[in-house]
Amino acid sequence: MFAYQNDGRFFAQAARGLEELAGAELAELGAKDIEITGGGLHFHGDAAGLYRINYCSRLVSRVLAPLAAFPCPSDQALYEAARAMEWQALLAPEKTFAVFANVRESRIDHAHFAALRLKDAIADHFREHCGRRPDVDTENPDVWINLAVRRDRAVISLDTSGGSLHRRGYRVQSVPAPLQETLAAAMVRLSGWQGERPLVDPFCGSGTILAEAFMHYCRIPAAFKKAKFGFENLPDFAAGVWADVRRASDAARREMPELLIRGSDSDRQAMDAARRNLREIAGTRGVPLERKDFHDLPGIPDAMIICNPPYGIRVGALDETRLLYKEFGDFLKQRCQGSTAYILCGNLDLVGAIGLKPSRRFVLYNGPIECRLLKIEIF
Ligand SMILES: C[S@@+](CC[C@H](N)C(=O)[O-])C[C@H]1O[C@@H](n2cnc3c(N)ncnc32)[C@H](O)[C@@H]1O
């Protein structure tokens, strides 16, 4: 039997700023003994919990099952420890695998090199024990191996998600500065919106917030389009339990009343992308999309407005964006009475330009960009 002795203890990766929120979500999905650490959360889970979290979590990026942890002062130490692991219970010569690594504050300081050494160790292990080795496939491997080296200590894990969960599969067409799906889902969750009033994104770009809000309302599992998960390769994978989890999660789905969610954007390509992406999710025909500059909208009263306007970093210049923020603030004041706005601002210099006092500010990250999510009540 493989040294898969993590005793049901897993590690869920979550973007900086989302740890607390992800902890609450993991608890709802059945995780126990949740502990927040840098980069994510440790938790205990049984098979059903692990499968449910991978299938339904909107906030975590991947769930790792630690296989081995050991001191790793050099690439040779990594190679030797990894070569001695019992890989045959997890992998077979006719399967494919890939290694993804990250290294920090360690003598091994190249992630790609660390991944190569681990790959060599696995290949040499198989040559020695089976006379043949599994091939590497970095696009669509059967088994995803994750290596983290921190302060000269290595943890080798099986990626039970099988690739990042933020890639839901509906974004088939993108725009220059799309939101990460997990972050869009976090914005919807932080807003507390449950469908009691319309949700509107007047800067909808490729439609990420609309898609996440729709899936949240309709209780569609976040990974409903994912064909294969890494946990299906665990030595103790229980196909019957997975089928039950999937069936129960799918059965929770509900219909959305027409027009409850809507979006607009001034850019033609963004509109095309949003239309194309939403078509990937069944039932979104009741989500109207309109190509319109927000200045030309009649107003958005009594609604939940969730959006991320241009940052002035990646799209558009800063002065123009400052003016856009000021005008959007005026639009909110004059034409959005009774609404609550959650505005993700990816440039801290722009936070004041909106001219409205936020009742709350959340620190979030869109990839490497530090953002503020501003909650603004419009009276
Ligand atoms: C940061 S992107 C939004 C990305 C989107 N959340 C996504 O995930 O794809 C900002 C969007 O604002 C749109 N935009 C810029 N100026 C606008 C305006 N005056 N009215 C409406 N949309 C505008 C851009 O076309 C762009 O799609």
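From a predicted model like this one, the values you see are computed outputs, not experimental measurements. Counting starts at 1 for both ligands and their atoms, following the listed order.
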With sequence neighbours left out, the residues meeting side chain to side chain donor-acceptor pair (under 3.5 Å) with R268 are none
Among S266, S264, P309, which residue places a heavy atom closest to atom 23 (C) of ligand 1? S266
Is the shortest distance from a Lys or Arg side-chain nitrogen in K375 or E377 to a carboxylate oxygen in the other one below 4.0 Å? yes
Answer yes or no: is there an ion pair linking R285 with E258, defined by an N-O contact shorter than 4.0 Å? no
Identify, by atom number and element, the atoms of ligand 1 in contact range of V175, meaning under 4.0 Å from any of its heavy atoms. 9 (O)
Going by the order shown, which atoms of ligand 1 are within less than 4.0 Å of some heavy atom of K292? 21 (C)
May I ask you to say whether R151 pairs ionically with E105, meaning some side-chain N is under 4.0 Å from a carboxylate O? yes
Would you call E25-R52 a salt bridge at under 4.0 Å N-O? no
Give a yes/no on ligand 1: does E327 have at least one heavy atom closer than 4.0 angstrom to it? no
Is D142 paired with K228 through a side-chain N to carboxylate O contact shorter than 4.0 Å? yes
Consider ligand 1: state whether an atom of it lies below 4.0 angstrom from any non-hydrogen atom of P176. no
With sequence neighbours excluded, residues passing salt bridge (Lys or Arg N to Asp or Glu O under 4.0 Å) with K32: none
Is it true that Y55 and W242 have ring centroids separated by less than 6.0 Å? yes
Region of D201 that comes within reach of ligand 1 [heavy atoms, distance under 4.0 Å]: neither
If the cut-off is 4.0 Å to any non-hydrogen atom of D267, which atoms of ligand 1 fall inside it? 25 (O)
Contact atoms of ligand 1, heavy-atom distance to F294 under 4.0 Å: 18 (C), 19 (N), 20 (N), 21 (C)
Run down the list D265, T208, N366 and name the one with the heavy atom closest to atom 25 (O) of ligand 1. D265
Per-atom contacts, ligand 1 versus G205 - under 4.0 Å to a heavy atom: 5 (C), 9 (O), 27 (O)
Can you tell whether the side chains of R83 and E128 come within less than 4.0 Å, N to carboxylate O? yes
Mark up the atoms of ligand 1 that fall under 4.0 Å of a heavy atom belonging to C204, in ascending order. 5 (C), 7 (C), 9 (O)
Atoms of ligand 1 under 4.0 Å from any heavy atom of S206, numbered from 1 in the order shown, are 7 (C), 8 (O), 9 (O)
For P202, the ligand 1 atoms with a heavy-atom partner under 4.0 Å come out as 21 (C), 22 (N)
Side chain, backbone, both or neither: S174 near ligand 1, heavy atoms under 4.0 Å: neither
